[in-house]
Protein chains: 2
Amino acid sequence: MTPKKNDIGRRGRGRPQSFDRTQALYAAMRLFWDRGYEGTSFDDLITAMGISPSSFYNAFKSKEALYQEAIEAYAQASGAWFYDILGEPADTRTTLERLLTFAAAEFTRDDLPAGCMIAVAATQCSPSQARLRELMATQRTQYETAMANRLRLGVNLGDLPATTDIDALAAFYMSLIRGMVVQARDGAARERLLEIARIGMQAWPTKDGGSSAA
Amino acid sequence: MTPKKNDIGRRGRGRPQSFDRTQALYAAMRLFWDRGYEGTSFDDLITAMGISPSSFYNAFKSKEALYQEAIEAYAQASGAWFYDILGEPADTRTTLERLLTFAAAEFTRDDLPAGCMIAVAATQCSPSQARLRELMATQRTQYETAMANRLRLGVNLGDLPATTDIDALAAFYMSLIRGMVVQARDGAARERLLEIARIGMQAWPTKDGGSSAA
DNA sequence: TTTTTTTTGGTGTCATCGCTCCACAAATCC
DNA sequence: GGATTTGTGGAGCGATGACACCAAAAAAAA
């Protein structure tokens, strides 16, 4: 709570900002996370951020620009585990298992809104928000591509059969994760998400690429 | 386009409605389906329904009441396949397989909005829409409960191991379906959803309740 | 035909949304 | 200290959202 200096430092002469820009951004992020873009009003934002409209406009340009910044902040703060785990030097199956387990935990933290800010955002919105919708779809595609790349590496490493349909497998696990997000937002307990994750790992491809039926 | 009589018939004396209430309701349903509740404005609605504000108010009471009617219409028209398939006299695995396959097809019809009206609706919304949010969560719970009941029947029929965690398995498949909805809304092709469904069936419990690993 | 009941089109209204403007305050620079 | 530069609080604004009202219209009932 100690008022820190702005992270980008003084920009020259003139009156300094009376608020912590980073802190305000995080407050906005949490609101957007919980309520979505359209569900968060300007007044909600400036109240939660503790600043006036003019300060808002001066520091963040517009609600839409703030949302984009909030997404970036989310990706770096609360979404980094995804890429972190993908980059760990474990075998591919273990990596996916850790990813799902971590997702279950992250989606049910009691110090942050439930679920994920990006996973199901702007899937239903007014046509005037088409840009936002495409932005979120792009974000989701990027996460899915990152997973696909890790799975492809798994094929190269011999962790997965050469016949594996990488893109489909990535789509499957991302679908599962997004469904977990809906569960979390509807109030599901962490244990429930962990069970979903465990069952999801049963779908992991076998050497013969076939079913798990006896 | 021929003006049909209202499906509930004349209600007595007085001027008859000049529009088809059912048709107007379906037009509203499609808008809500595509844009969500908050993303659909009053003007959008009356334009798509082809009626005036007073006719709207007279016939549907309010936007929120209309939304509830739209959900019911959706459940009966575009969501019925879910319960239909659950009620088919196939073995449990086949039933789930058909459910996922049908979902992939239904979520990518070109004559209707992509995805599902309920699966990811109101997961992020303003606090003023708390009632709506709970309504949608309840709807989702009902679909999940219906699936759980069918799975429980499967245990009783011997289609599933007695040790199966029914609720977890239902949560898993509903999560997958909801994730498929996000994929569909982001523009995924039907084939992609079918692949997700196919992979999802790999997670089907085996007799030993264990992994499919060799 | 007259009365009664119901629907309709058009307009008005009140609140909210997302800014925007401006006079002032608080720093730095000289 | 004065000039300059930048941020701030608060008031206001145009647009949109979701109705709400009312007089006219159109049908059945008498």
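Everything numeric in this text was worked out from a predicted model, so none of it was measured. A, B, ... follow the sequence lines: proteins, then strands. Residue 1 opens every chain.
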Could you tabulate the donor-acceptor pairs under 3.5 Å formed by side-chain atoms of residues 44-58 of chain B, not counting sequence neighbours?
{"unit_1": "D44(B)", "atom_1": "OD1", "unit_2": "S41(B)", "atom_2": "OG", "d": "3.4"}
{"unit_1": "D44(B)", "atom_1": "OD2", "unit_2": "R35(B)", "atom_2": "NH1", "d": "3.1"}
{"unit_1": "D44(B)", "atom_1": "OD2", "unit_2": "S41(B)", "atom_2": "N", "d": "3.2"}
{"unit_1": "D44(B)", "atom_1": "OD2", "unit_2": "S41(B)", "atom_2": "OG", "d": "3.1"}
{"unit_1": "T47(B)", "atom_1": "OG1", "unit_2": "D43(B)", "atom_2": "O", "d": "2.8"}
{"unit_1": "S52(B)", "atom_1": "OG", "unit_2": "S54(B)", "atom_2": "OG", "d": "3.2"}
{"unit_1": "S52(B)", "atom_1": "OG", "unit_2": "S55(B)", "atom_2": "N", "d": "3.4"}
{"unit_1": "S52(B)", "atom_1": "OG", "unit_2": "S55(B)", "atom_2": "OG", "d": "3.1"}

Given atom [atom1] of [X] and atom [atom2] of [N], what is their separation to the nearest angstrom?
{"X": "Q129(B)", "N": "dG17(D)", "atom1": "CD", "atom2": "C1'", "answer": "12 Å"}
{"X": "Q17(A)", "N": "dT5(D)", "atom1": "CD", "atom2": "C1'", "answer": "14 Å"}
{"X": "R21(A)", "N": "dT6(D)", "atom1": "CZ", "atom2": "P", "answer": "16 Å"}
{"X": "Y67(B)", "N": "dG17(D)", "atom1": "OH", "atom2": "P", "answer": "18 Å"}
{"X": "E38(B)", "N": "dC17(C)", "atom1": "CD", "atom2": "P", "answer": "10 Å"}

Pairwise salt bridge (Lys or Arg N to Asp or Glu O under 4.0 Å) hits with a residue in residues 107-123 of chain A, at least two apart: E106(A)-R109(A), R109(A)-D111(A)
Nearest listed nucleotide, side chain of K63(A), among dC19(C), dA18(D), dT8(C): dC19(C)
Residues in side-chain hydrogen bond (donor to acceptor under 3.5 Å, both in side chains) contact with R152(B), at least two apart in sequence or another chain: none
Solution key, residues 71-81 of chain B side-chain donor-acceptor pairs under 3.5 Å, sequence neighbours excluded:
{"unit_1": "Y74(B)", "atom_1": "OH", "unit_2": "M117(B)", "atom_2": "N", "d": "3.4"}
{"unit_1": "W81(B)", "atom_1": "NE1", "unit_2": "S78(B)", "atom_2": "O", "d": "3.0"}

Check ion pair R198(A)-E195(A) (N to O, under 4.0 angstrom): no
side-chain N/O S55(B) vs dT7(C) OP1/OP2, d < 4.0 Å: no
Short side-chain N/O contact to dC19(C) OP1/OP2 from Y57(A), under 4.0 Å: no
Pairwise 5' ranking along DNA chain C for Y37(A) and N58(B), keeping only the more 5' one: N58(B)
side-chain hydrogen bond (donor to acceptor under 3.5 Å, both in side chains) contacts in which one or both residues fall within residues 132-141 of chain B, not counting sequence neighbours: D186(A)-R140(B)
Positions of residues 39-52 of chain A (non-hydrogen atom under 4.0 Å from DNA chain D), listed by number: S52(A)
Pairs where residues 131-150 of chain B contributes a residue and the test ring pair (Phe, Tyr, Trp, His ring centres under 6.0 Å) is met, not counting sequence neighbours: F82(B)-Y143(B), Y83(B)-Y143(B)
Identify the pairs formed between an N or O of the protein and an N or O of nucleotides 22-25 of chain D at a distance under 3.5 Å, and give each distance.
{"unit_1": "dA25(D)", "atom_1": "N3", "unit_2": "R15(B)", "atom_2": "NH1", "d": "3.3"}

Mate of dC19(C) where both pairing distances stay under 3.5 Å, Watson-Crick or G-U: dG12(D)
Aromatic plane relationship, Y37(A) with Y67(A) - under 30° parallel, 30 to 60° tilted, over 60° perpendicular: perpendicular
Partner set under ring-ring contact (aromatic ring centres under 6.0 Å, His included) for Y26(A), not counting sequence neighbours: none
